[in-house]
Number of protein chains: 2
Amino acid sequence: MALGKDYVTQECSIARALEIVGERWTLLVIRDALYGVRRYKDFLVHLGIPRAVLADRLHTLTAAGILEKRRYQESPPRDEYVVTARAIALWPTVRSLGLWGREHFSAAQLRYFRHADCGTELGPYGECPACATVVPVEDVLMEPGPGLDPDPADPVSRALLKPRRLLQPVLVDQV
Amino acid sequence: MALGKDYVTQECSIARALEIVGERWTLLVIRDALYGVRRYKDFLVHLGIPRAVLADRLHTLTAAGILEKRRYQESPPRDEYVVTARAIALWPTVRSLGLWGREHFSAAQLRYFRHADCGTELGPYGECPACATVVPVEDVLMEPGPGLDPDPADPVSRALLKPRRLLQPVLVDQV
DNA sequence: GGGGTTGGTTCAATGAACGAACCGATGCTG
DNA sequence: CAGCATCGGTTCGTTCATTGAACCAACCCC
């Protein structure tokens, strides 16, 4: 999106938000970041996004304070992109968008999101119906559903098959 | 978006959703539709969107069952685009996106959303804190906030200045 | 020194968005 | 009835973004 950043004419916080996360690929990058993806190459293979676009989006998101670039090892110098509070604050949006997509345009249940403390499936607003609280993102347990390909090609998808909490860094199995 | 519909490689209901509502302008069209905008020209002047793009988006949204084209007068034949249940189901997404935009990237409060029955401002999930219920979209009262330009140029923005319920058709003041 | 990995940048080709012009159907005015 | 306005588009040349392939620099290990 953002051809000339034309949404500026709009007096609306939805337009403000879309100027930042409304570009192609951006929300999928944020989804992956919330799932625990942190490294350039992992985004690349999981999303199938062109390299130049990924680099652009990571810079934009970093500049907007949604991701943070952080060195996790010297020699060879390697950086990772980790989520900030701003990205975490997008979880309800991402969640409700996914729910809408599943209800209206998806055949099978692809993933379950549960309250890690009690195992109850999350309600539509990210709350736990059993505990009657809004579940913090780091306490959301993501599990594969019956509709998910049990043997995907790329290693990131494979790592995301195991039940895991959100935000927890993805560990790619080196073969 | 949707250059070659590349999200198809993604096994994810968020990606499914973004294939439909992730294109430039689309979510703003849906926002306006939820606000009560129904006519081609009203979308045009309120969004400042190129005509060809608007026509394309309206067709796409109609084909996806999110809007419905309906004749509201013969002679001259005029159609309007009205929201369906699928569009209404996007309200929580639109709402949370707007909330995120306001909290992180907007200076002032532009609009208030209240429970029409009791006047209480909506909580983050579209619920009424006082009544402890999720407020149906048609019972959401939209009011201008202090940050909103009190004398906008286009007639649709002017019509949206008055307190009004969501989904209620916009009536443009003919001068 | 050779080969591999990571995290990019560059570039030509393609596709989408933009904005201005045009158009058909109809109604309104004089 | 002629002339002009409105609504809801379509057409088209220009500009901008995305794509995918190639290239590259830094570093590691053998």
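Chain naming here is simple, since letters A, B, ... match the order of the sequence lines and numbering starts at 1 in each.
Salt bridge status for A:D79 with A:R70: absent, with no side-chain N to carboxylate O gap under 4.0 Å. Salt-bridge formation is detected for the pair B:E143/B:R114: a Lys NZ or Arg NE/NH1/NH2 atom is positioned less than 4.0 Å from an Asp or Glu carboxylate oxygen. A salt bridge is absent between B:E80 and B:R39: the closest approach of a Lys/Arg side-chain nitrogen to an acidic carboxylate oxygen does not fall below 4.0 angstrom.
Summarising the geometry, the separation between CG on A:L18 and P on C:dA17 is reported as 14 Å, rounded to the nearest angstrom. Spacing between atom CG of A:L28 and atom P of D:dT18 amounts to 13 Å, rounded to whole angstrom units. Here the P atom of nucleotide D:dG8 and the NE2 atom of B:H46 are 17 Å apart, to the nearest Å. Protein atom OH of A:Y72 is 11 Å distant from nucleotide atom C1' of C:dT5, rounded to whole Å. Between B:Q73 atom CD and C:dA25 atom C1' the separation is 13 Å, expressed in whole Å. Protein atom CG of B:L58 is 14 Å distant from nucleotide atom C1' of D:dC7, rounded to whole Å. Here D:dC16 presents its C1' atom at 13 Å from CG of A:D56, a figure rounded to the nearest Å. Rounded to an integer number of Å, the gap from B:Y40 OH to C:dG24 C1' is 14 Å.
Between the base of C:dG7 and the side chain of A:R51 there is a donor-acceptor pair shorter than 3.5 Å. Interface remark: the A:R39 side chain does not form any donor-acceptor pair with the C:dG7 base, using a distance-only criterion of under 3.5 Å.
Base engagement by A:V53 is indicated by at least one non-hydrogen atom pair under 4.0 Å involving a base atom. Here A:F43 lies out of heavy-atom contact (under 4.0 Å) with every strand.
Of the candidate nucleotides C:dT6, D:dG8, D:dC27, D:dC27 has the atom nearest to the side chain of A:P76. Counting only heavy atoms from C-beta on, B:A52 has its side chain closest to C:dG19 among D:dT19, C:dG8, C:dG19. Of the candidate nucleotides C:dA17, C:dG7, C:dT26, C:dG7 has the atom nearest to the side chain of A:K41.
Nearer to the 5' terminus of DNA chain C, by closest-nucleotide assignment, is the contact made by A:R78 (compared with the other of A:R78 and A:H59). Of the residues near DNA chain D, A:I49 and B:Y81, the one whose nearest nucleotide (by heavy atom distance) lies more toward the 5' end is B:Y81.
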Please report the C-alpha distance between A:E68 and A:Y81 in whole Å, then the side-chain angles of each, then the deciding distance to 0.1 Å, and finally whether the side-chain contact (heavy atoms from CB on, under 4.5 Å) criterion is met. CA-CA 5 Å; A:E68 206 175 287; A:Y81 295 89; over 6 Å; no

Checking B:W25 against B:F43 for the ring-ring contact (aromatic ring centres under 6.0 Å, His included) test, could you report, in this order, the C-alpha distance in whole Å, the side-chain angles of both residues, the deciding distance, and whether it holds? CA-CA 11 Å; B:W25 293 111; B:F43 285 110; over 10 Å; no

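OP1 and OP2 of C:dA16 both lie 4.0 Å or more from every side-chain N or O belonging to B:W25.
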